[in-house]
Amino acid sequence: MSSRFASDARTYARTEQEQHQVSIVPAEAVSGRVSTAAETVNEPADGAPAPLAPRARLLPSLAAVYRAQLSRARVARIPLLFVATFQSVGIMILMRGVVDGGDEARAVVAGSSVLVVAFVALNLLAQYFGQLRASGGLDHYATLPVPPAAVVLGAAGAYASFTVPGTAVTAVAGSVLFQLPLTHLWVLVAVIPLSGAALAGLGAALGLLAPRQELATLLGQLGMSAALLLGVLPADRLPGPIGYARDLLPSTYGVEALARTFDARPDWPVVAFDLAVCAAVGVCSLAVATWAYRRAAVR
């Protein structure tokens, strides 16, 4: 019993000594050290709030989104690009049996070439944004420190980039099929990006504003069908009300610009005017798509 009591006494004495050693540390030093660390982490030495990270700039964000979309869609969209090209070439072969030449042949070749852009930039982009909204994928983009315009422009640019080889192949094949000159096909350098921007903005807006994914797919298909019927058929063969609808289609001005370059002496001021209208429509459609993205991302 005495040995147990002695052991308890030594334990108690050691505990008291440790507590005394701990208590000799000044409370001011402890509090001063903690507050200094807090000030270092949370705010600068002068007491001002810590600055936020700089806002992401548009062009670097646009380039990052474009590269990401291009690498993501490369494998999935290339087969569809072949389908779009074969579809346009097949339409020209079909129309070759009823169109001999002249303005009708120019309209068929120009409309079939821009149809490749409509299939990818309008139809597929409407489906993509409709699926992105239905699956909650917009929440991922909403958390990224990039401007909304960069997301829309990056995706639109990536999808429009896939149309370049198919549009060029269709234009060359149509020119050979209808015996049209190949001299001024360099105008595709302006027609493809301007028509692609206009149609991609329209496709993104349709996909983002559609309340359901199935409706976005339907609107994309209807838009591509409108580009087919109103772009390939000659304007003078269309009824009056449908002719007005043709003027409202963004791709019409790209088709007109390309069709005029098949003349022996193109009217370049009129071609430049058509391209300028196509550019203005593209800016408006991309602005609407950016607004639709903001609207869909906050819901």
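Just the heavy atoms: all of them, side chains too, but no hydrogens, waters or symmetry mates, feed the values below. What you are looking at is a predicted structure, and each value in this text was computed from that prediction instead of being measured.
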Closer than 3.5 angstrom, by distance alone: can the side chain of Thr167 be matched with the main-chain N or O of Val164 as a donor-acceptor pair? no
Do Arg96 side-chain atoms and Leu177 backbone N/O form a donor-acceptor pair below 3.5 Å? yes
Any side chain to side chain donor-acceptor pair (under 3.5 Å) pairs touching residues 101-117, not counting sequence neighbours? Asp103-Arg106, Glu104-Arg237, Arg106-Asp263
Atom [atom1] of [X] and atom [atom2] of [Y]: how far apart are they, to the nearest 0.5 Å?
X	Y	atom1	atom2	answer
Leu206	Leu199	CG	CG	10.5 Å
Leu180	Phe262	CG	CZ	5.5 Å
Thr217	Glu214	OG1	CD	7.0 Å
Leu219	Leu209	CG	CG	9.5 Å
Leu124	Met224	CG	CE	9.0 Å
Tyr159	Tyr66	OH	OH	13.0 Å

Testing the basics here: between [X] and [Y], what is the closest heavy-atom pair and its distance to 0.1 Å?
X	Y	value
Ala200	Leu125	O-CD2, 3.2 Å
Cys278	Pro250	SG-O, 4.1 Å
Ser251	Val114	CB-CG1, 3.7 Å
Leu185	Ser175	CD1-OG, 4.1 Å
Ala168	Leu188	CA-CD1, 4.1 Å
Ser88	Val116	OG-CG2, 3.3 Å

Got a sec, which pairs hit salt bridge (Lys or Arg N to Asp or Glu O under 4.0 Å) with one end in residues 243-252, sequence neighbours left out? Arg246-Glu256
So do [Y] and [X] actually touch side chain to side chain, heavy atoms under 4.5 Å?
X	Y	answer
Thr252	Val255	no
Phe119	Thr85	no
Gln127	Gln221	yes
Leu215	Pro211	yes

Should [X] and [Y] be counted in the same cluster of Ile, Leu, Val, Met, Phe, Trp and Tyr side chains packed under 4.5 Å apart?
X	Y	value
Leu228	Val108	yes
Met92	Leu94	no
Leu275	Phe273	no
Val172	Val191	yes
Leu153	Val65	no

Basic-acidic side-chain contact under 4.0 Å: Asp267, Arg260: no
Mind telling me whether Phe86 and Phe82 have parallel, tilted or perpendicular rings, with 30° and 60° as the class edges? tilted
By ring-ring contact (aromatic ring centres under 6.0 Å, His included), Trp268 pairs with (sequence neighbours left out) His184, Trp186
Using distance alone, with no hydrogens and no angle criterion, decide if Ser195 and Tyr253 have a side-chain donor and acceptor under 3.5 Å apart. no
